[in-house]
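Take a look at the structure below.
Each chain gets a letter, A, B and so on, in the order its sequence line appears, and its residues count up from 1.
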Amino acid sequence: MSEIVEKQSYDFRAIEAKWLPFWEQDGTFVTNTADSRPKKYVCDMFPYPSGDLHMGHAEAFAIGDVPARYWRLRGYNVLHPIGWDSFGLPAENAAIKNNAHPAEWTYNNIETQAESFKRYGISVDWTRRLHTSDELYYRWTQWLFLRLYERGLAYRRNSPVNWCPSCQTVLANEQVVSGACERCGTPVTKKALNQWYFKITDYADRLLEDMAQLEGTWPERVLAMQRNWIGRSEGAHLDFPVDGGHTVTVFTTRPDTVFGATFFVVAADAELATELVTDEQSGELEAYREQLKSVSDIERQATDRKKTGVFLGVYATNPTTGARMPVYATDYVLADYGTGAVMGVPGQDQRDWEFATAFDLPIVRTVQPAADFEGEAYTGEGPAINSANAEISLDGMEVEEAKAKIIDWLDSKGAGRATVNYRLRDWLVSRQRFWGAPIPIIHCPDCGEVPVPEDQLPVTLPTDMRGEQLAPKGQSPLASNTDWVSVGCPVCGKPATRDTDTMDTFVDSSWYYIRYIDPKSTSEIFPTEQANQWLPVDQYVGGVEHAILHLLYSRFITKVLYDMDLVSFTEPFKALLNQGQVLNGGKAMSKSLGNGVDLGEQLEAYGVDAVRLTMVFASPPEDDVDWADVSPAASQKFLARAWRLAQDVTSARGTDPAAGASGLRSLTHRSIADAESLLGAQKYNVVVARLMELVNAARKEIDSGAGPADPAVREAAEVTAQLLSLVAPYTAEDMWQLLGHEASVANTAWPAYEEALLVQETITAVVQVKGKLRDKLEVPVDITEADLEAQALALPKIQRYIADDGGVRKVIVRAPKLVNVVTG
RNA sequence: GCCCGAAUGGCGGAAUUGGUAGACGCGCUCGACUCAAAAUCGAGUACCGAAAGGUGUGUGGGUUCGAGUCCCACUUCGGGUACCA
């Protein structure tokens, strides 16, 4: 018989089948929160259970698993949980279509995703799994609502709201994208409804200021988007007396231009217009409002639209000039920004200029534009002009000074004051749909709004509604379930009704990352002490589509919890990584384009590790990956090469590597050192590139160098298995076993590099002439500047350049790497 | 319009503090193996040029001995937001 043992080839299916049950039985990734080692909390934005996992999930989770596994090797106690954001409309729509209950669709999909997820080998603690649609969870969402209610942060108000005619529900401002529903793209209409709001505007300043904590660890663009969304602007409130005994306050960022206010405009759709209009003009106002109804939101947002409006028959008085200013209703003033009323200053505001031109109103400049200014309204810097009355003059002052001066003056008259205005509006949280957490409020004819007593939580959803019973009819389907709606008033006991709206699913997801600390608790929302120990999340990973929505809401809720003394931190996510999208052929995958790539098919064809490796290697984590540009087949090839390394090693486990090939050894140790800094900088793609170099070098050493018995080869293979485990856990685990280890590679210690092996004896110095590379020199690393200079100048090639170019003028030496000869 | 971000070979992308541009991979070319192909392995691959050499990191300028990297101006592309007073 031949001595040669038949070597097996890399078989990812067999490897997956072997290790998946191992991790589960071994409890490799279960986190013991009582463990005293320093902690790291890595959290991926939890998925919505819409069918099976897709390529986008595959990228996000592959990326998030890298720091989780790295920190685990570094000796941290790592918390890496998973759950499902399982309330929401798609389940309800599916239930209507299939004559089912939304829970069926939801929990079936969760099971499917969970199976795929396990197969995908992400190092999460399955014992902490949560679903926001579980009674166990939404009981606490309701509890949270009641705490906000107690603090006056949850309130009900009747006002025009965004209505999606297709989803048959209201939407928060954050969920309207260019006038259309964020979910389905249907143009949004306005509807007057009595709705629940969270008072996020109370936190506007803190949401803005606390961003200082996130600077540098959150993507700059996300911070910018939040800053814009909050839209802080400093200005003043000015009071204008209006005929009929009214005083109308406006918000302006340019109080210095008040002398130039020649007319007055209020939002046509605001109550204010009705209050101000004279009887003679009220017909015209109504006609104008009718006319506006036919203008879609999309049209309305076109900035080049002609200014329209209607005179209300009354005049306001300019407190600085005493001028009588006609009052108009218009649609270019927004009812829900500022006070819904604006002073018209055509000289300094382009929109006002256009309105003044259309209605033939006077235009007065109050800031002197530069001589070459050719525009209409002038919004720039310059000295004030035409801005004086008997008591005060701003003339000659620059804008900032004039602002301060006029605010002082108006303040002394009781006619104005400095103020800060925000673009952010309160968060509309009620939804007229079924599959969400019911709002825990009871409406009693005698007692009014009554919170559901805590011991009666959760207010559970009926389990017997299905199909058509869930169809949206302009109000929540729950309203038609009289058994469910009818309830005794908790205060007086008389017949009362439950609130039939459910909460926006963004309420569910605004606090789930804290619930992971103890997801099964029935006695409290989360244990405060442990939450303070584990949070904030050290690394949060998710798509940029939540730059405003989920992240703003989570920041808000965290601050509310802080104010309630339930947590000691004010920001939930210390660092944020926005992974890119997975594209195909330059475009987002979509059914309509027919360019979708099925994750299951990819996993079937190339294996989990190859798909994960491809995702990580393709580009920096925050960049998009175009599946048409990458090669999972090549990833698989690399994994086979790496795996074969482990198989080829013939030295025994524990062999001292000191006697091994020094070139390979120093590359191995440099790879470890570089991986540390690259992982810290989140350059995961480059870590993979370095690993490929290491595998190539080890291969060469086996085939045409010191051979498979060299201890340096074992060392390289072991380090490869450990580094590879961050991205390709199955292959790494199998390599580790082939190398003679019993326990999981995921729980080994990060390899320590030897400083001495990083130091090279010789180095290639470059020799430049006038900054251009002309020659190279192999020199000892500790060469003196003088020696290096002498050797460089002695090079024949360099001498030729010097001779041709008029001799040496100056020599720059940066030993041992560079010499630059300046000639002429 | 305003606010962010980006621009490097045929492609995805590398390049601590300014110091060898193009690591690693894909693709392509050639070669080995094969009856042949696939797979695998080896060699080459920024551009122009036969070579010597020259040119090169969106464009134009600047600072510097030296710029992908710093400064100024601009162009293009991507994203966000938009009658926000």
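Counting to the nearest Å, the P atom of B:C83 and the CD atom of A:Q348 are 22 Å from each other. Atoms NE2 (A:H237) and C1' (B:A85) sit 11 Å apart, rounded to a whole Å. The nearest whole Å value for the distance from the CG atom in A:D624 to the C1' atom in B:G12 is 12 Å. Look at CG on A:L639: it is 16 Å from C1' on B:U40, rounded to the nearest Å. We find that CD1 of A:I812 is positioned 12 Å from P of B:A67, with the value rounded to whole Å. Atom CZ of A:R814 is separated from atom P of B:U20 by 13 Å (rounded to the nearest Å). Straight-line distance from the CZ atom of A:R232 to the C1' atom of B:A85: 17 Å, rounded to whole Å. Atom P of nucleotide B:A67 and atom NZ of A:K772 are separated by 9 Å, given to the nearest angstrom.
In summary, of the residues considered (A:T257, A:T366, A:D256, A:T379), a side chain to side chain donor-acceptor pair (under 3.5 Å) with A:Q348 occurs for A:T366 alone. Of the candidates A:F359, A:Y288, A:F264, A:Y328 forms a side-chain contact (heavy atoms from CB on, under 4.5 Å) with just one, namely A:F359.
Within the nucleic acid shown, A:N696 comes within 4.0 Å of sugar-phosphate atoms alone, with no base atom in reach, counting heavy atoms only. At the heavy-atom level, A:P620 lies under 4.0 Å from the strands shown only through sugar-phosphate atoms. Here A:R351 lies in heavy-atom contact (under 4.0 Å) with a base.
Between A:Y422 and B:C84 there is no side-chain N or O to OP1 or OP2 distance below 4.0 Å. The side chain of A:K683 places an N or O atom within less than 4.0 Å of a non-bridging phosphate oxygen (OP1 or OP2) of B:A15. Within the 4.0 Å cut-off from OP1 or OP2 of B:A14, at least one side-chain nitrogen or oxygen of A:N685 is found. Close to B:C41, at under 4.0 Å from its OP1 or OP2, lies a side-chain N or O of A:R641. Within the structure, a side-chain polar atom (N or O) of A:S233 is placed less than 4.0 Å from OP1 or OP2 of B:A85. One finds no side-chain N or O of A:N820 lying less than 4.0 angstrom from the OP1 or OP2 phosphate oxygen of B:U64.
Between B:U20 and B:C26, the distance separating the two C1' atoms is 25 Å to the nearest Å. Using atom P as the reference point in both B:C70 and B:G19, the two lie 11 Å apart (nearest Å). Between B:A23 and B:G9, the two P atoms lie 13 Å apart (nearest whole Å). For the C1' atoms, the distance from B:C47 to B:C71 is 29 Å, rounded to whole Å. Comparing the P positions of B:U16 and B:C84 gives a spacing of 43 Å, expressed to the nearest Å. To the nearest whole angstrom, the two C1' atoms, one in B:U76 and one in B:A15, are 25 Å apart. The separation of B:G44 from B:G10, taken at their C1' atoms, amounts to 16 Å, rounded to a whole angstrom. Taking the C1' atoms as reference points, B:C28 lies 39 Å from B:G61, given to the whole Å.
When distances are taken from the side chain of A:F617 to each of B:G79, B:C3, B:G25, the shortest belongs to B:G25. Out of B:C84, B:U20, B:A23, the shortest distance to the side chain of A:A689 is found at B:A23. Each of B:G25, B:G54, B:C11 was ranked by its minimum atom distance to the side chain of A:R774; first place goes to B:G54. Side chain of A:Q768, nearest nucleotide from B:U81, B:U20, B:G25: B:U20. Relative to the side chain of A:Y801, the nucleotides B:G54, B:G80, B:U20 differ in distance, and B:G54 lies closest. If you check B:C3, B:C11, B:U20 against the side chain of A:A224, the one that comes closest is B:C3. Nearest nucleotide to the A:K637 side chain, out of B:U40, B:C65, B:G12: B:U40. In the set B:C84, B:G12, B:G19, B:C84 carries the atom at the smallest distance from any side-chain atom of A:R425. Of the candidate nucleotides B:C4, B:A85, B:G12, B:G12 has the atom nearest to the side chain of A:S619. Side-chain atoms of A:A634 lie closest to B:C26 of the nucleotides B:C26, B:C24, B:A85.
Between the side chain of A:N584 and the backbone N or O of A:D626 there is no donor-acceptor pair closer than 3.5 Å.
Of the residues near RNA chain B, A:T764 and A:V822, the one whose nearest nucleotide (by heavy atom distance) lies more toward the 5' end is A:T764.
Anti is the glycosidic conformation of B:G18, whose angle departs from 0 by more than 90°.
Using a cutoff of 4.0 Å between basic side-chain nitrogens and carboxylate oxygens, A:E354 and A:R351 are not scored as salt-bridged.
There is a side-chain donor-acceptor pair under 3.5 Å between A:T201 and A:D426.
A cation-pi arrangement is absent between A:K307 and A:F355 under the rule of less than 6.0 angstrom and at most 45 degrees off the ring axis.
No more than 12 heavy-atom neighbours from other residues, nucleotides or ligands sit within 6.0 angstrom of CZ on A:R221. Within 6.0 Å of CD on A:E778 lie more than 12 heavy atoms contributed by other residues, nucleotides or ligands.
Once rounded to the nearest 0.5 Å, the distance linking CG of A:L777 with OG1 of A:T762 reads 11.0 Å. Rounded to the nearest 0.5 angstrom, A:D648 CG and A:W643 CH2 are separated by 9.5 Å.
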Exercise for review: Would you write the dot-bracket representation of RNA chain B, where each base gets (, ), [, ], | or . depending on whether it forms a Watson-Crick or G-U pair under 3.5 Å and with which partner?
Suggested key: (((((((..(((......[....)))((((((.......))))))(((....)))..(((((..]....))))))))))))....
